Amino acid sequence: MNVKKHRHFIQRIIDEDNATGKFDNRVHTRFPPEPNGHLHIGHAKAICLDFGIAHEYDGKCNLRFDDTNPIAEEEEFVDAIKEDVHWLGFEWDNLCFASDYFLQMYDLAVQLIKQGDAFICDLTADEIRKTRGTLTEHGKESSYRERTIEENLDLFKRMRSGEFPNGSRTLRAKIDMAHPNLNMRDPVIYRILHATHHNTGDNWCVYPMYDWAHGLEDSIEGVTHSLCSIEFEDHRLLYDWYLDKLGVYHPQQIEFARLNLSYTIMSKRKLKQLVDGGHVSDWDDPRMPTLSGMRRRGFTPQSIRDFMDEVGIAKRENVMEIEKLEAILRDDLNKRAQRRMAVLNPLKVIINNYPENESEELEAINNPEDDSAGSRKVPFGRELYIESDDFMEDPPKKFFRMAPGREVRLRYAYFITCNKVIKDDQGNIIELHCTYDPETKGGSAPDGRKVKATIHWVFAKDALDTEVRLYDRLFSVPDPAAVDNFLDVFNPNSLTVISHCKIEPSLLEAEIGEQIQFERLGYFCKDTDSTTETPVFNRTVPLRNTRAKLEKQQHGQKN
RNA sequence: UGGGGCGUCGUCUAAGGGCAGGACACCUGGUUUUGGUCCAGGCAGUUGGGGUUCGAAUCCCUGCGCCCCAGCCA
């Protein structure tokens, strides 16, 4: 029992800090999204870490919007992010906005100027870039670097009051243009942006840069461990420099590797491109790796949290296989989803020896993994629909399902045998004539004879007509981010819409988003696009299918 | 080429001087009224070379490889 759980490097750091009393044994984290798009599965890793650490150490975690760039940010995204964090199962201690600290940040910038550690620079963005130097060459100091403190103070005040146009001046830290870390070469602290901010409106026309803002946000909120992704490692030096120069409370930044998932992308910029370009319906398109998309697709928050436990926390670059996510999803869904029967591609079956105009109700188990889910009645009669894939007129060796003269079981119903195949003019199979054995009611034969297959079905008279949407991976290659143009590898078959599917009538009561297993097919949920006339179901994930896998392998060998 | 990081089964991740373990994937077989679930078994790894040590994935030295940084984005 009592298995010693592995502690990842961040937990070890915190354990050490608590042992030495570095932060008075407080643990306070924050999840700091920029409201410029929807959260995705990569953010879920950070959310589970930030909130998980706080919970584990009986500390606090803030939800903080890092809203320092009014051009990219929207209120709509603030709401979406809050909804997603809640849905994932977390409750923040404080709801914060970087923009609430704009005045404090401004005052601290004034302090920095007064200390002689910052100056107003009149160089254009282009000139700053050209004088920054390169990876191997030093930069050149700005000609405005030695302005007097008084002049800097005056200009900064006038920048704030709106006297100057966008891009005309910046406030820059005075550090070292020869520094090997490019972030230390007199980085910009404030830029002029005459833009309306979602939170502060037109109160400001100067906005702080990330490096300046982020450390101050952490400091103001009393954050102890500021967890961020690995690309900010280079920025830690500057994070520390600002906090030290200012002499304010100094949290510790710790970096970890972000999550990558095969066959998809995590770049918010690219996801936005998919939305804006109409390649997907919206941020919550069920194919998207966004939390809103995954929710609509039918993922449970539990499955995402379980996945993050498997992902682990480390610094090395990683790509999780999408198959692992699906395995964990199925594991969760298998336990919680009720079973129903649905036929995606209907083939009519007529049971000739079943009395016309009669029907009966048969008992079906709702979830074999959960006795408490009970059972239901499913209607049965003379005319049924079965999956057209479940019949082959001339079956190959390993095909166990229905074929002429072969007896199979209709799940929870009877054994039936096909004795006539009806075709249309083009030779397509349109109907099967069968006989049933009344002695096999419920699905077992009193004489003990066996069948090789059990197939699902729906009673034609009571079947509901529905649309089903099948989803496949968004991209056709494992690493779409590595391709020149990721749109070139967008999977054209990522969405397949099937109409006139037949589902059992009990599905009328399904709620939007409720997870259901369509027996032998996969896990599905009712989509928000459903209307009273036409319910729409999303396939969350197919069942594992060794049959299809084998067929695929055999097919691959032939070619 | 400057700086910052990272190298353990195919993929993720443990082992922090003492039997290289787990999960997913893959392969066998069993159970089964879902070709699902479940059960049993199998395959498979320490970036190269030196050194320290009774003992090295782990410590040291030295190669090699990969990732990030030259936004007035975050």
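Since this is a predicted model, take the numbers as computed values, not measurements. Numbers restart at 1 for each chain; the letters A, B, ... are given by sequence-line order, proteins then strands.
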Just to be sure I understand the rule, does [X] reach a base, reach only the sugar-phosphate, or reach nothing, if contact means heavy atoms closer than 4.0 Å?
| X | result |
| --- | --- |
| A:H456 | nothing |
| A:R12 | base |
| A:E519 | base |
| A:F518 | nothing |
| A:T68 | sugar-phosphate |
| A:R330 | nothing |
| A:P368 | base |
| A:A327 | sugar-phosphate |
| A:T546 | sugar-phosphate |
| A:R132 | sugar-phosphate |
| A:I328 | nothing |
| A:F232 | base |
| A:Y190 | nothing |

*Counting distance only, does the side-chain N/O of A:E73 pair as donor-acceptor with the main-chain N or O of A:N69 below 3.5 Å?*
yes
Distance-only donor-acceptor test (3.5 Å): side chain [X], base [N]:
| X | N | value |
| --- | --- | --- |
| A:E369 | B:G36 | yes |
| A:R401 | B:G35 | yes |
| A:E321 | B:G10 | yes |
| A:Q517 | B:U34 | yes |

Base-pairing assignment for [N] (Watson-Crick or G-U wobble, both under 3.5 Å):
| N | result |
| --- | --- |
| B:C38 | B:G30 |
| B:G2 | B:C69 |
| B:G7 | B:C64 |
| B:A44 | none |
| B:G16 | none |

*Between A:E360 and A:K441, does at least one N-O distance fall below 4.0 Å, as a salt bridge requires?*
yes
*With the side chain of A:K324 defined as its heavy atoms from C-beta on, choose the nearest nucleotide among B:G3, B:A23, B:G35.*
B:A23
*Give the nucleotide from the list B:C72, B:G36, B:G4 with an atom nearest to the side chain of A:D234.*
B:G4
*asked:* Just checking A:H197 against A:F102, ring centres under 6.0 Å apart?
replied: yes
_Spacing of A:Y210 atom OH relative to B:C72 atom P, expressed in whole Å_ = 16 Å
*Figure out the CD1/P separation between A:I313 and B:C12, and round it to whole Å.*
15 Å
From [X] [atom1] over to [Y] [atom2], what is the distance, rounded to the nearest 0.5 angstrom?
| X | Y | atom1 | atom2 | answer |
| --- | --- | --- | --- | --- |
| A:I41 | A:L259 | CD1 | CG | 6.5 Å |
| A:E407 | A:K450 | CD | NZ | 12.5 Å |
| A:D437 | A:I416 | CG | CD1 | 11.5 Å |

_Any A:H6 side-chain N or O less than 4.0 Å from OP1/OP2 of B:A15_ = yes
_Return whichever of A:T136 or A:R520 has its heavy-atom-nearest nucleotide of RNA chain B closer to the 5' end._
A:T136
*Of the options A:E363, A:E504, A:E361, which is the one that meets A:R376 in a salt bridge (charged side-chain N to carboxylate O under 4.0 Å, His left out)?*
A:E504
